[in-house]
Engineer: 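What follows is a structure written as structure tokens; I'll ask about it next.
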Amino acid sequence: MSETGIVEIRGREYRTVAWRVQQFRERYPDWSIQTKVQSAAERVLVKATIRDHVGAVMATGYAEELRDSTNILTTSAVEVAETSAVGRCIAFACAGLAGAEIASADETENALAAQEQLEQLERLKAHNEAVR
């Protein structure tokens, strides 16, 4: 990652959540980011809320992860969803902190990893059916 927080994924540029949070804190030191786990069962849902210096809601962002869909989500689904929710919330609230995409580099990489694991599982199922 460069100082700009830009990561290229499949030819597109995404900002990392870490960069977004750093820039948010520098620009809005009196604002807050709050997160709340809405669900932590098979599907993990997290809501992030940004409030200004007087407590007014400036933006919300949600993220959902399917527990056990990737190796990292087996042990850290809440953390991954929280990071994605915060990244999305900052992108909605603060012009210029999203880059070209609302989705963050972290969120995009996780989605691509989950997609690859599902595709591998489907290939394995097809192979097993053919063997039977």
Side-chain angles (χ1 to χ4, degrees):
M1 179 182 71
S2 68
E3 288 182 19
T4 62
I6 295 174
V7 175
E8 187 174 315
I9 302 171
R10 294 190 177 178
R12 298 184 82 163
E13 292 183 346
Y14 297 87
R15 300 264 189 190
T16 64
V17 175
W19 183 88
R20 290 179 184 185
V21 169
Q22 175 189 2
Q23 294 298 306
F24 171 81
R25 295 284 183 217
E26 288 176 10
R27 292 183 190 186
Y28 306 100
D30 297 335
W31 289 20
S32 67
I33 302 172
Q34 302 164 329
T35 60
K36 181 174 183 183
V37 177
Q38 305 283 305
S39 170
E42 180 182 340
R43 291 195 178 274
V44 174
L45 179 65
V46 177
K47 176 184 179 183
T49 303
I50 290 179
R51 295 181 183 275
D52 69 7
H53 64 285
V54 295
V57 173
M58 302 307 292
T60 59
Y62 288 87
E64 180 181 43
E65 296 292 347
L66 182 58
R67 193 179 292 281
D68 298 333
S69 62
T70 67
N71 289 338
I72 190 72
L73 294 178
T74 299
T75 59
S76 304
V78 171
E79 295 88 335
V80 170
E82 182 178 45
T83 299
S84 293
V86 167
R88 296 178 65 77
C89 193
I90 291 172
F92 293 143
C94 309
L97 296 187
E101 303 291 336
I102 295 296
S104 68
D106 313 64
E107 185 177 357
T108 302
E109 287 176 338
N110 288 332
L112 291 172
Q115 179 182 357
E116 177 60 30
Q117 283 194 342
L118 288 174
E119 289 170 359
Q120 288 176 358
L121 182 58
E122 290 301 316
R123 287 191 295 270
L124 181 59
K125 285 180 183 178
H127 172 75
N128 288 343
E129 282 296 314
V131 170
R132 287 187 189 135

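In what follows, residues are counted from 1 in the order of the sequence shown. Values in this document were obtained by computation on a predicted structure and should not be read as measured data.
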Engineer: Is there a path of hydrophobic side-chain contacts, each under 4.5 Å between heavy atoms of I/L/V/M/F/W/Y residues, joining V86 to I50?
Structural biologist: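 Same cluster.
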Engineer: Do you know the tightest heavy-atom contact between A77 and R67?
Structural biologist: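 So the minimum-distance heavy-atom pair works out to CB-NH1, 4.0 Å.
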Engineer: Parallel, tilted or perpendicular: which describes the rings of Y28 and F24, with under 30° parallel and over 60° perpendicular?
Structural biologist: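 Aromatic pair Y28/F24 classed tilted.
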Engineer: Within the structure provided, determine whether I33 and I90 are in side-chain contact (heavy-atom separation under 4.5 Å).
Structural biologist: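 Yes. Closest side-chain heavy atoms under 4.5 Å.
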Engineer: Could you check if a side-chain atom of W31 sits within less than 4.5 angstrom of a side-chain atom of H53, using non-hydrogen atoms only?
Structural biologist: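 Counting from C-beta outward, W31 and H53 do come under 4.5 Å.
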Engineer: Quick one: OG on S84 to CD on E65, what's the gap to the nearest 0.5 Å?
Structural biologist: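 Going from the OG atom of S84 to the CD atom of E65 covers 5.5 Å.
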Engineer: Rounded at 0.5 Å granularity, tell me how far CZ in R88 sits from CZ in R20.
Structural biologist: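 Separation between the atoms: 9.0 Å.
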Engineer: Taking atom CD as the centre, does E42 end up with more than 12 heavy-atom neighbours from other residues, nucleotides or ligands that are less than 6.0 angstrom away?
Structural biologist: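 Open: at most 12 neighbouring heavy atoms sit under 6.0 Å from CD of E42.
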Engineer: Of the non-hydrogen atoms in A59 and A93, which two are nearest, and what is the gap between them?
Structural biologist: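 Scanning both residues, the minimum pair turns out to be CB-CB, 3.5 Å.
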Engineer: Measuring from atom OG1 of T49 to atom OH of Y62, what distance do you get when rounded to the nearest 0.5 angstrom?
Structural biologist: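 Here the interatomic distance stands at 7.0 Å.
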Engineer: Once you round to the nearest 0.5 Å, how far does OG of S32 lie from CZ of R25?
Structural biologist: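 The CZ atom of R25 is 7.5 Å from OG of S32, to the nearest 0.5 Å.
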Engineer: So how far is it from K47 NZ to E64 CD, rounded to the nearest 0.5 Å?
Structural biologist: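 Nearest 0.5 Å value for the NZ-CD distance: 15.5 Å.
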Engineer: If I compare all heavy atoms of A63 with all of A85, which pair ends up nearest, and what's the gap?
Structural biologist: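 Smallest interatomic distance, heavy atoms only, reads CB-N, 3.5 Å.
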Engineer: Distance check, rounded to the nearest 0.5 Å: E79 atom CD versus L73 atom CG?
Structural biologist: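 Between atom CD of E79 and atom CG of L73 there are 10.0 Å.
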Engineer: Are V46 and M58 linked, directly or through intermediate hydrophobic residues, by side-chain heavy-atom contacts shorter than 4.5 Å (ILVMFWY only)?
Structural biologist: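 Shared cluster, no.
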